[in-house]
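Below is one structure, written out as structure tokens, with a few remarks after it.
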Amino acid sequence: MMRFHISRLACAAAIIGAVFGAAPPVAADQMTHVVFPGQSIQRAVDAAEPGDTVLLAPGTFRESVMVSTPGITLTGMGRSTVIEPDTKQAGKCAEAGNGICVIGTKAHDVEGVTVASLTVTGFTGSGVFAMATDGLTVRNVTAVKNGVWGIAQERSVHGVFRKNTARDNGDAGLFLANTIKEEAGAADTGGTVVEHNRLEGNRIGITVRRLRNLTVAGNHLTGNCAGVFVVGDENKPKAGALTVRDNIIARNNKSCPKTARLDALQGSGIVLTGAEDTLVTGNRITGNVGASPLSGGIVLFKSFVGTTSERNRIADNVLEGNAPADLVNTDTTGKDNTFEGNTCGASKPAGLC
């Protein structure tokens with residue numbers, strides 16, 4: 001794979017100009033590696049150095065890609081740049097069934113990677129999977145029909161997930177967790193931001209599991225079995241100390257069967273289970289209807305291992321047409337949870353509106 005200075009080769013220059021605009025300011029020692037369908041993305045990524053960009057032309061690429069170099073940008077030219085599986089490919093990312101992997105080590109997070117403006121589809125695992133990252137940005141990525149998660153991250157800090165679309169994935173469209181392979185308390189994300197994404201047709205739109213200190217804001221969630229899940233358990237510290245605000249959460253009425261970890265899902269807007277000190281505010285939650293124990297507009301639910309939700313504030317949300325109720329609190333032993341200033345029609349128990 002050749003390395004291109006931005007000023008060289010007319011075809012590459014035209015593609016670069018289309019993405020970055022005319023005459024972008026680029027440091028002299030930074031390179032853009034242009035990859036066309038039929039060429040190897042992985043080879044370009046392996047050749048890239050911190051600060052470089054790997055730019056994918058429109059078309060379909062059949063491979064999984066592992067990124068472990070800090071500070072590089074992997075970007076396509078929008079939804080027409082498509083990454084699909086190659087069933088014969090070896091390597092940890094491909095063998096895990098993932099499309100793009102951004103992976104650091106236990107000793108060192110990989111810092112400052114950006115994945116942008118492309119489609120990942122058809123992988124048995126996740127479209128984009130990240131672990132041990134610091135300052136990962138995923139933006140304008142379309143993750144469609146992947147077997148588990150659309151876009152997922154664990155054991156990472158300072159992430160930004162913005163203006164992505166995750167649709168028809170097997171579990172969560174966007175999944176953020178401390179770790180999934182061991183028991184541990186909630187981790188501080190250092191202010192991770194999940195904003196202005198569109199989540200449709202997934203089992204859960206956004207799952208935040210065993211995490212603290214992040215914001216979920218301005219997202220549009222519809223047609224999932226459940227909109228937003230904030231999940232904790234008996235480990236310390238608890239999940240929470242985060243904000244879910246200004247989201248549009250409508251008609252998440254797809255039906256999903258029970259799993260080993262979770263009851264059947266349908267008609268859940270926002271669910272807090274085993275969480276503390278979470279602010280849920282300014283959301284518009286409409287038409288989420290189901291008969292699951294977790295159904296309703298905003299639901300406080302004692303976790304399946306018996307952990308209560310405490311000191312959560314549900315304030316200034318607009319709820320309409322959710323069933324069995326707009327506000328549901330089944331966590332009756334939870335302490336100091338407050339409901340105030342919400343516009344809603346019905347609650348369980350009565351008196352929360």
Side-chain angles (χ1 to χ4, degrees), residues 73-76 78-79 81-83 98-100 102 113-121 123 126-130 133 135-146 148-154 156-177 189-209 211 213-231 242-252 254 265 268-271 278-286 288 298 317:
T73 295
L74 174 62
T75 183
R79 293 183 181 180
T81 299
V82 180
I83 299 178
N98 299 322
I100 298 171
V102 184
V113 172
T114 295
V115 179
S117 300
L118 49 79
T119 296
V120 279
T121 184
F123 290 90
S126 302
V128 178
F129 179 80
T133 70
L136 172 69
T137 296
V138 181
R139 67 170 184 266
N140 296 319
V141 167
T142 300
V144 182
K145 294 183 179 179
N146 298 290
V148 185
W149 302 309
I151 300 168
Q153 176 174 273
E154 61 177 285
S156 298
V157 294
H158 307 124
V160 176
F161 300 85
R162 182 175 288 135
K163 294 185 178 180
N164 302 291
T165 297
R167 186 174 67 250
D168 299 333
N169 298 287
D171 193 80
L174 267 165
F175 178 85
L176 290 85
T189 74
T192 288
V193 175
V194 180
E195 64 180 6
H196 304 307
N197 301 285
R198 188 171 186 94
L199 298 312
E200 300 179 2
N202 309 285
R203 180 177 176 82
I204 302 172
I206 299 171
T207 296
V208 177
R209 179 178 171 189
L211 291 178
N213 186 16
L214 73 156
T215 300
V216 176
N219 302 284
H220 189 160
L221 303 98
T222 188
N224 308 284
C225 302
V228 178
F229 258 62
V230 178
V231 183
L242 57 90
T243 299
V244 181
R245 62 172 176 83
D246 302 325
N247 301 283
I248 297 173
I249 303 174
R251 300 178 301 282
N252 291 283
K254 181 180 175 182
L265 293 178
S268 298
I270 298 173
V271 177
T278 297
L279 174 62
V280 179
T281 188
N283 301 283
R284 183 171 182 84
I285 305 171
T286 59
N288 301 282
I298 300 175
N317 302 281

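Index from 1, following the sequence. Please read all numbers here as calculations on a predicted model, not as lab measurements.
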| So how far is it from Leu174 CG to Arg198 CZ, rounded to the nearest 0.5 Å? | 14.0 Å
| remark: To the nearest 0.5 Å, atom CG of Asn164 lies from atom OG of Ser117 at 9.5 Å
| query | Do the side chains of Thr215 and Leu242 get nearer than 4.5 Å, heavy atoms only? | reply | no
| request: Would you please test Val193 and Leu214 for side chain to side chain contact (heavy atoms under 4.5 Å, CB included) and show each step? | output: CA-CA 6 Å; Val193 175; Leu214 73 156; over 6 Å; no
| Derivation and outcome, side chain to side chain contact (heavy atoms under 4.5 Å, CB included), residues Leu265 and Ile204 | CA-CA 9 Å; Leu265 293 178; Ile204 302 172; 3.9 Å; yes
| message | Can you see whether His196 engages Arg162 through a side-chain donor-acceptor pair at a distance of less than 3.5 angstrom? | response | no
| said: With heavy-atom distances below 4.5 Å as the criterion, would you say the side chains of Asn317 and Val280 are in contact? | reply: yes
| request: Examine distances only and state if a side-chain atom of Asn288 and a backbone atom of Ala226 form a donor-acceptor pair shorter than 3.5 Å. | output: no
| Checking side chain to side chain contact (heavy atoms under 4.5 Å, CB included) for the pair Val141/Val128: CA distance, chi angles, key distance, verdict? | CA-CA 9 Å; Val141 167; Val128 178; 4.3 Å; yes
| Would you say Asn140's side chain and Leu118's backbone share a donor-acceptor pair under 3.5 angstrom? | no
| note | Contacts of Phe175 meeting ring pair (Phe, Tyr, Trp, His ring centres under 6.0 Å) (sequence neighbours excluded), chain-then-number -> Trp149
| Side chain to side chain, Val216 and Val208, heavy atoms closer than 4.5 Å | yes
| task | Mind listing the closest non-hydrogen atom pair of Thr207 and Ala172 along with its distance? | result | OG1-CB, 3.7 Å
| task | Spell out, as yes or no, whether a donor-acceptor pair under 3.5 Å connects the side chain of Lys145 to the backbone of Asp168. | result | no
| said: To check you understand the geometry: which heavy-atom pair defines the closest contact between Gly170 and Arg203, and what is its length? | reply: O-CB, 3.5 Å
| task | Spell out, as yes or no, whether a donor-acceptor pair under 3.5 Å connects the side chain of Thr222 to the backbone of Ala250. | result | yes
| field | CG-CD1 distance between Leu221 and Ile249, expressed to the nearest 0.5 angstrom | value | 5.5 Å
| query | Ignoring hydrogens and geometry, is there a side-chain-to-backbone donor-acceptor pair from Asn202 to Asn224 under 3.5 Å? | reply | no
| said: Checking the side chain of Thr73 only, and the main-chain atoms of Thr114 only, is there a donor and an acceptor separated by less than 3.5 Å? | reply: no
| request: Carefully, step by step, assess Val115 and Arg139 under the rule side chain to side chain contact (heavy atoms under 4.5 Å, CB included). | output: CA-CA 7 Å; Val115 179; Arg139 67 170 184 266; over 6 Å; no
| message | With a 4.5 Å cut-off on side-chain heavy atoms, are Leu176 and Val194 touching? | response | yes
| said: Checking the side chain of Asn247 only, and the main-chain atoms of His220 only, is there a donor and an acceptor separated by less than 3.5 Å? | reply: no
| said: Just to verify, what does Val144 make a side-chain contact (heavy atoms from CB on, under 4.5 Å) with, not counting sequence neighbours? | reply: Thr121, Thr142, Arg167
| remark: One should read off an interatomic distance between Arg251 CZ and Ile285 CD1, to the nearest 0.5 angstrom, of 13.5 Å
| Donor-acceptor contact below 3.5 Å, side chain Asp246 vs main chain Ala217 | no
| task | Decide side chain to side chain donor-acceptor pair (under 3.5 Å) for Thr133 and Gln153; before the verdict, give the C-alpha distance in whole Å, the side-chain angles of both, and the deciding distance to 0.1 Å. | result | CA-CA 8 Å; Thr133 70; Gln153 176 174 273; 3.1 Å; yes
| query | Asn283 side chain to Val244 main-chain N or O, any donor-acceptor pair under 3.5 Å? | reply | yes
| Would you say Val102 and Phe129 make side-chain contact, with heavy atoms under 4.5 Å? | no
| task | Locate the shortest heavy-atom distance separating Ala143 from Ile151; write the atom from each residue and the value. | result | CB-CG1, 4.1 Å
| Under 3.5 Å, is there a donor-acceptor pair between the side chain of Asn146 and the main chain of Asn169? | no
| Quick one: does Val148's side chain get under 4.5 Å of Phe123's, heavy atoms only? | no
